[in-house]
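Take a look at the structure set out below.
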Amino acid sequence: MSKFTMHILVCGGTGCISSQSNEIVEQLKFHINAANMSEEVQVLKTGCFGFCEKGPVVKILPDNTFYVQVTPEDAEELVKEHIVKGRKVERLLYSDPTTEKKVSDSKHMDFYKKQMRVALRNCGFIDPDNIEEYIARDGYSALGQALSMTQQEVIDEVKKSGLRGRGGGGFPTGLKWEFAYKNEADQKYVVCNADEGDPGAFMDRSILEGDPHSVVEAMAICGYAIGATQGLVYIRAEYPLAIKRLEKAIKDAREYGLLGKNILGSDLEFDIEIKFGAGAFVCGEETALIHSMEGMRGEPTTKPPFPAASGYWAKPTNVNNVETFANIPVIFLKGADWFASIGTEKSKGTKVFALAGKINNVGLIEVPMGITLREVIYDIGGGIKDGKKFKSVQTGGPSGGCLTEKDLDTPIDFDNLIAKGSMMGSGGMIVMDEDDCMPAVAKFYLEFTEEESCGKCTPCRVGTKRLLEILEKITQGKGTMEDIDTLRELSHVIKDTALCGLGQTAPNPILSTLDIFYDEYVAHIKDKKCPAGQCNALLQYKITDKCIGCTACARVCPTNAISGAVKQKHLIDQEKCIKCGACMDKCKFAAIIKE
Amino acid sequence: MPKIMSLDELKSLRDNVKNKVDLREKGENVDEMVVIRVAMATCGIASGARDTMNFFAELVRENELNNVVITQSGCMGYCYAEPTVEVTLPGKEPVVYGHVNKEKAKEILEKHIKSGEMVDGIIPVAHKSLDE
Ligand SMILES: Cc1cc2nc3c(=O)[nH]c(=O)nc-3n(C[C@H](O)[C@H](O)[C@H](O)COP(=O)(O)O)c2cc1C
Ligand code: SF4
Ligand code: SF4
Ligand code: SF4
Ligand code: FES
Ligand code: FES
């Protein structure tokens, strides 16, 4: 076995490397050698601890001491004091911001763990194809527990937990179950919405791939609570692995007597069928989803009637999102009070986010509601890539909006995001830096919604097209100030008159960016400039005085836009230039600039 | 598998499997097993997790290590460090490694699995679990 009795873990994540963690490793090794301890003490480089803002971070095992903001110069003291003499180096310990006390007790070392896994509790820890691994982690015990309660008690427990739908709307889940329960019918249905159409989100796929049984179990609990014997999972056909794992989970659950008739020896009958979607965004909207499952066109219809009253085949139907379901078993295992103790007053529990964009630690994270954007971006996310400046975070996908610097310390929950002109959505979180152009971001989302609009109602079908046309005009430098007024007016009309959520929220990315980044729109219109340097049409390639007249650029230009005599400064004809950038790459003298 | 007929039966099954999860085929010496768990969700597979998993299997065979079990899991969320692999030595806390290509896999096998010596590239646990 290992000869080492002590380990020094030095963070080698992107954030800490940029603040010299490599040098720290070198210095530690050097001093350990000097102390003649290289046989007992091992120095290891690790990935990110999720505490980058206090980096570089060093952790010592086995005593779990956690040092922050360590410099290479501190290495000697760390070795001489902590390693050799076993005395902690006080000044490098983390001090709690509220109590200002140094944290050295290893029992309290969890302060830096900002993430909390509830919905993702098993993802990455168990073999999703093995039902016994799920059972070993208390799987299906929640179902057993629910069966010993009355239907109303089960619903009350979910209500008490404060769980709200994770599919975007944030509707209280217990209340929804109660509606379906109270609507009497000879048949009812439980539907799991696994359509996941938001282009920035993939948490539902990850849950189904990593822990399909949690969804199966939750659907059975819901079936019992509302009195449904049939469950359906609507999943996009582009998720083959998730489908495969879910199919296996359903089959195994049947074999173990956890689906089918007389579940766990009780009177409960419940089974699950999988329905495939073709991947249209609008089919994630619950009424469209239901029509699609019935074999009709995936187009929304007006609500009411809500699915809880008249859904699949006009029977009471409870529709919940994958992540919503994944939370359900925990509410029974740990109790509604435990669940309700996490989060903010009106948003309980955790939320899974897909962190993407210009951030170091791109990934899937689960955090308690109420965490700040700053913690998500700078601690968990490891800060902005390449040391650039943070500009904005887009949440809520095509229905959402942007948050900026001034929102960094706002606790994230359903209501705060809406108050800030964005929304929770399904949990996409795209981080943008100074190089991202906001009118172009709005255009990106409008391209998506215009393409995905089902065309059933005019405000959305025609309106999104007009909005997109105006945005194209602006990003090409052909916009007028009147266009901004038109954007605003049209946006409000669409919001008020579109039939379903897709159209009603499609203008949000425009309204939000117009609000926060008005100047950027104006720069595109009045100055014909793109401040972020993204909109190609507004850029010009220019040759500066650094040019020595080597003629290299003129030779690569595909449109012969560059002229000039040998050894003389060259010139680009802006009329002919197609902005391909070839000349800039070619120039060895950095004489060509883009502005 | 006979159907589970009550919550009590479920609980006794749980207790039974708790300690020997996934190690059934290997029989008695379950407590001495090393478990290599490769994150095999769409994301992981896209960055080469399947190759990593196959390579581990190859290495284990070549080295005739009969106390090693290779299994899969879903996504751990570390997109920036895929493929990720969790190694659990008997009686030890699991250790997760990121960016596990063939070279890293070899190093993990030679050092961590054979002699219990950790290697560079550990991803520290940065989240609370249900019981914390
Ligand atoms: C255009 C549009 C797309 C939607 N896409 C999804 C989706 O992909 N997944 C999802 O769970 N909910 C989606 N929803 C929300 C559903 O209509 C519904 O509110 C949700 O599935 C309810 O589950 P929850 O209460 O558990 O969140 C979408 C809504 C709209 C308007
Ligand atoms: S708002 Fe758009 S997606 Fe919704 S029904 Fe109307 S056209 Fe279809
Ligand atoms: S390649 Fe650069 S230095 Fe040469 S002519 Fe073009 S701009 Fe001038
Ligand atoms: S950007 Fe392309 S088209 Fe324009 S001058 Fe340079 S090489 Fe020619
Ligand atoms: S804590 Fe070191 S990079 Fe995140
Ligand atoms: S989604 Fe699995 S690691 Fe990112």
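Letters A, B, ... mirror the listed sequences (proteins, then strands); counts begin at 1.
Heavy-atom distances place the side chain of A/Leu258, and not its backbone, under 4.5 Å from chain B. Using a 4.5 Å cut-off between heavy atoms, A/Asp138 contacts chain B through both its backbone and its side chain. Proximity to chain B (any heavy atom under 4.5 Å) is shown, for A/Asp211, by neither the backbone nor the side chain. In this structure, the portions of A/Ile135 lying under 4.5 Å from any heavy atom of chain B include both its backbone and its side chain. With a 4.5 Å cut-off on non-hydrogen atoms, A/Val330 touches chain B through its side chain but not through its backbone.
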Worked check of side chain to side chain contact (heavy atoms under 4.5 Å, CB included) between A/Phe125 and B/Glu86: CA-CA 9 Å; A/Phe125 299 100; B/Glu86 182 193 83; 4.1 Å; yes
Evaluate the side chain to side chain contact (heavy atoms under 4.5 Å, CB included) criterion for residues B/Leu7 and A/Leu147: first the C-alpha distance (whole Å), next the side-chain angles of each, then the deciding distance (0.1 Å), finally the verdict. CA-CA 9 Å; B/Leu7 185 54; A/Leu147 287 174; over 6 Å; no
Go through the steps for A/Glu209 and B/Thr42 under the test side chain to side chain contact (heavy atoms under 4.5 Å, CB included), then give the verdict. CA-CA 8 Å; A/Glu209 287 179 354; B/Thr42 298; 2.3 Å; yes
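Here the OG atom belonging to A/Ser266 is positioned 8.5 Å from the CE atom belonging to B/Met5, to the nearest 0.5 angstrom. Taken from SG in B/Cys79 to CZ in A/Phe202, the straight-line distance is 4.0 Å, to the nearest 0.5 Å. For the atom pair NE2 (A/His7) and CD1 (B/Ile122), the distance works out to 8.0 Å, reported to the nearest 0.5 Å. Within the model, atoms CG of A/Asp127 and CD of B/Gln72 stand 4.5 Å from one another, a figure rounded to the nearest 0.5 Å. Atom-to-atom distance recorded for A/Arg205:CZ and B/Cys75:SG is 7.5 Å, nearest 0.5 angstrom. The OG atom of B/Ser129 sits 13.0 Å away from atom CG of A/Leu120, with the distance rounded to the nearest 0.5 Å.
Under the 4.5 Å side-chain criterion, counting only non-hydrogen atoms from C-beta, B/Ile123 is not in contact with A/Thr46. Side-chain contact between B/His127 and A/Ile365: absent, with no pair of heavy atoms (C-beta onward) separated by less than 4.5 Å. No side-chain heavy atom of A/Tyr256 sits under 4.5 Å from any side-chain heavy atom of B/Lys3. When side chains are defined from C-beta on, B/Tyr80 counts as touching A/Cys48, because their heavy atoms get closer than 4.5 Å. Counting heavy atoms from C-beta on, the side chains of B/Pro124 and A/Phe51 never come closer than 4.5 Å.
Interface summary for chain A: among B/Pro94, B/Ser6, B/Ala81, the most heavy-atom pairs under 4.5 angstrom belong to B/Ser6. Ranked by heavy-atom pairs shorter than 4.5 Å toward chain B, the options A/Gly12, A/Ser141, A/Ala356 are led by A/Ser141. Between chain B and the options A/Leu208, A/Leu333, A/Leu264, A/Leu355, heavy-atom pairs under 4.5 Å are most frequent for A/Leu264. Counting heavy-atom pairs under 4.5 Å between each of A/Arg137, A/Arg245, A/Gln145, A/Arg121 and chain B puts A/Arg245 at the top.
Here the closest non-hydrogen pair linking B/Gly74 and A/Pro128 is N-CD, 4.0 Å. The two residues A/Ala136 and B/Val17 come nearest to each other via the heavy atoms CB-CG2, 3.8 Å. Nearest heavy atom pair, residue A/Glu132 against residue B/Leu13, reads OE2-CD1, 4.1 Å.
Surrounding NZ of B/Lys104 are more than 12 heavy atoms belonging to other residues, nucleotides or ligands, all under 6.0 Å away. Enclosure of atom CD in B/Glu93 is not indicated, since only 12 or fewer non-hydrogen atoms of other residues, nucleotides or ligands lie within 6.0 angstrom.
Under a 4.0 Å N-O distance rule, the pair A/Glu366/B/Lys128 does not qualify as a salt bridge.
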